[in-house]
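Sequence lines set the chain letters: A, B, ... in the order given, protein chains first and strands last, and positions in each chain run from 1. Reckoned from all heavy atoms, side chains included, excluding hydrogens, waters and symmetry mates. All values reported here derive from a predicted model rather than from experimental measurement.
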4 protein chains.
Amino acid sequence: MAEITFGDLKEREREARKELIVNTAKKLFSEKSFKSVTVRDIAKGAGISTGTIYRYYESLDELFLDVFFSDTNEIIRIIEGELKKGGGCTIRKFSEVYIGYLNENTSYYQMMSYFMPRGMLTDEEIEKINPIMQEVIDLIERLIKAVGHKGDTQLMARALFSALNGIMTSYAQYPGSSLGEIQKYTLVLAGYIADFFEMGARKEYY
Amino acid sequence: MAEITFGDLKEREREARKELIVNTAKKLFSEKSFKSVTVRDIAKGAGISTGTIYRYYESLDELFLDVFFSDTNEIIRIIEGELKKGGGCTIRKFSEVYIGYLNENTSYYQMMSYFMPRGMLTDEEIEKINPIMQEVIDLIERLIKAVGHKGDTQLMARALFSALNGIMTSYAQYPGSSLGEIQKYTLVLAGYIADFFEMGARKEYY
Amino acid sequence: MAEITFGDLKEREREARKELIVNTAKKLFSEKSFKSVTVRDIAKGAGISTGTIYRYYESLDELFLDVFFSDTNEIIRIIEGELKKGGGCTIRKFSEVYIGYLNENTSYYQMMSYFMPRGMLTDEEIEKINPIMQEVIDLIERLIKAVGHKGDTQLMARALFSALNGIMTSYAQYPGSSLGEIQKYTLVLAGYIADFFEMGARKEYY
Amino acid sequence: MAEITFGDLKEREREARKELIVNTAKKLFSEKSFKSVTVRDIAKGAGISTGTIYRYYESLDELFLDVFFSDTNEIIRIIEGELKKGGGCTIRKFSEVYIGYLNENTSYYQMMSYFMPRGMLTDEEIEKINPIMQEVIDLIERLIKAVGHKGDTQLMARALFSALNGIMTSYAQYPGSSLGEIQKYTLVLAGYIADFFEMGARKEYY
DNA sequence: GATGAATGAGGGTTCATTCAT
DNA sequence: CATGAATGAACCCTCATTCAT
């Protein structure tokens, strides 16, 4: 029978604190551009001191990366949940749910653009991020295989992932349109692209 | 016959100055992340004073936006040039040339991510940017129509544009791989996506 | 026969703890500049918590002062040991051994510079430090008397002590030279100065 | 005939500004420990903004080094002035004047202790400091030669310089005594040491 | 008595922007 | 008009010290 040690409790509390910090950061990211959120903003928002943040994260970037990590996990959870519900046209379903998430969490793809550039991440950080990103790709790949695709499903998964992210970069909050219009339009684009992939997946393409 | 007034000359000189500033900024963007380039860097690079920059641009962001504008124009020129040369598979050709450009000018899609978020641009700025972005879309649309597509070619153009941009956001400088490997991979993805669109365009899809 | 009370045991344990802390600090001082060693560094090195350190020392400075105290004791021990061994030219011998110690423990004279400025020490701290410093002076004085000096031996002792410390302040780690060269040079200076004092001591100077 | 160009004026003004900053720093150093003086203190004291400091110095350390440089120059000027006045016992005179200066400018030897440690200075900084330090040594050397010393006058100069600095490190503001008492005592020590060197210099020592 | 998480003032430094010359 | 020195708010981060457990 699993015993709960004192160390476990400590660890849990630590995780709870990190979660508080990460969630505060997420909340602030939804209010303003993620790069304009400061340590003081987060500390204030979380009701703790700036110094405390540095007890849990060595730098702001490390914290941001954890938000990214957490968001990615959330995406996976949401999509797995959604997929359990429905039947049929799953690539499309995935695409819509994913874009829906990005619409609600605009900082996600902003962080992606921020972290991708060469030299931004240490090897250690890359090793932390890679597996979870691969999970997303794997999840998409499963959908593609489900349709019976015979080609390079990994490649196709990556292509779809890229294409969807691009919708956000290009139209996420396109200036001049109302938020609702934009969300509707990005969903249309997502559906359009998804259909191509759906179609492609059904063929023995590549 | 059009007469050249004193005012015209002034205006031309002004444009020449702005071009000098913009080109200096571009050069610096290719050397380091666009967000880390400072007014002083640009002024120094252009051989003028920081104050002078503010005679031509109200703020750094306005300058950056002009770089974005100029880059977009350059893209259009390059692609029109490329398209004149070749025959055949033009959607693919476009995709490859476009991704090639983004690989060489990493600040372009970084700026895109930077400017897209709501509230970043004034109405005035939007009115300046929109027409040129539309030109890119129109250019893509022409390629799509050339294949004989009967569906919503505008939508398809926008979808392709988004998808290609997404490749860069997602894999532009993917950490851990060499620059060359990344460029190759982004081109593979571009080709893959382009083929879907090529195929889709040939059908009476939508 | 002296009885050992419970209080004595407590006191002994307390002293042992302080020694652990001081020795840890010393070890760290040999690795980096003494002013850059933090409470956390020491606590970690000693395998105790930061809070515990404050049970033994009211402040970091008090701890540093104890290290200084302990170092001074060590110096006395070492020099007494050395002097027992040899005959002859003892002022010189002392000077070389002392400079040798300072070369190995660069934080010692750094702490001296740090604590000497007016206002750095409380009266209480001064009362603790003075006797041990006087011991060093007395030790030097004995050497001077041994040569048969008839002048103000206390003054001469203080002068020699000062002069040797100055070698370290001025050339301890003179930039541009290798560590070995510096150590050799400081020893040359020490010998040079020692000879003056040796000579002076032999006279009925002052 | 030397013409004064616009550039010269600019350069002069720049130097005047640096002097203002340096003098403000010196003033503050006499009020509190030099390491506890902040950029903000200096800016406020000089009636300028913190940012302005960084127009003239790349870092606080660079500024501190300039103060050290300026102090050393001042020492040289003062001593040369003094030496012109008097005849006779010049090594002693020098020693007293030097110690007098250090008593008035306690930050000087504090900075010496601060900058000497290996790695504190860049090669560039070393190249700036070395010549001026050598000037001081040369000045002392001249005094030694004046007495007719035949030995290694450079070494003797360095030894004297070290020995005098050590007086300050060891007794500069020895706690417990009044400022006046300390100054008197350091002068006694200086005289005592100077006499040794005076004596030594007169011989064909070494 | 020991712990170590939390504090928060304060550190050096940056940089878009302004404005007197 | 151009200049570039000056501004100063804001940034990230550190660390001696405290105190609830």
Engineer: Only counting residues at least two apart or in another chain, list the ones meeting side chain to side chain contact (heavy atoms under 4.5 Å, CB included) with C:Tyr54.
Structural biologist: C:Val39
Engineer: Closer than 4.0 Å, any side-chain N/O of C:Thr50 to the OP1 or OP2 of E:dG4?
Structural biologist: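 No, C:Thr50 has no side-chain N/O under 4.0 Å of OP1/OP2 on E:dG4.
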Engineer: Would you tell me whether A:Tyr56 and A:Asp66 have side-chain atoms, one donor and one acceptor, within less than 3.5 Å of each other?
Structural biologist: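 No donor-acceptor contact under 3.5 Å links the two side chains.
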Engineer: Phosphate oxygens OP1/OP2 of F:dA2: is one of them under 4.0 Å from a side-chain N or O of B:Tyr56?
Structural biologist: yes
Engineer: What's the spacing between D:Ser36 OG and D:Phe29 CZ if we round to 0.5 Å?
Structural biologist: 9.0 Å
Engineer: Dot-bracket for DNA chain E: what is it, with Watson-Crick or G-U pairs under 3.5 Å, [ ] where a pair crosses earlier ones, and | for a pair to another strand?
Structural biologist: .||||||||||||||||||||
Engineer: Is it the case that D:Thr169 and C:Ser113 place a side-chain donor and acceptor less than 3.5 Å from each other?
Structural biologist: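 Judged by distance alone, the side chains do not pair up.
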Engineer: With sugar-phosphate meaning primed atoms plus P, OP1 and OP2, does B:Thr38 contact a base, only sugar-phosphate, or nothing at under 4.0 Å between heavy atoms?
Structural biologist: sugar-phosphate
Engineer: Using distance alone, with no hydrogens and no angle criterion, decide if B:Asp41 and B:Thr38 have a side-chain donor and acceptor under 3.5 Å apart.
Structural biologist: yes
Engineer: Do D:Lys26 and D:Ser107 have a side chain donor and acceptor closer than 3.5 Å?
Structural biologist: no
Engineer: Does a distance-only test, which skips hydrogens and angles, find a donor-acceptor pair under 3.5 Å between the side chain of D:Arg40 and the base of E:dG12?
Structural biologist: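 Per atom types, the contact qualifies.
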Engineer: Within the pair D:Ser49 and F:dG8, is there a side-chain N or O less than 4.0 Å away from OP1 or OP2?
Structural biologist: no
Engineer: What contact category does C:Arg14 fall into here, base, sugar-phosphate, or nothing, at under 4.0 angstrom with non-hydrogen atoms?
Structural biologist: nothing
Engineer: Phosphate oxygens OP1/OP2 of F:dT3: is one of them under 4.0 Å from a side-chain N or O of B:Arg55?
Structural biologist: no
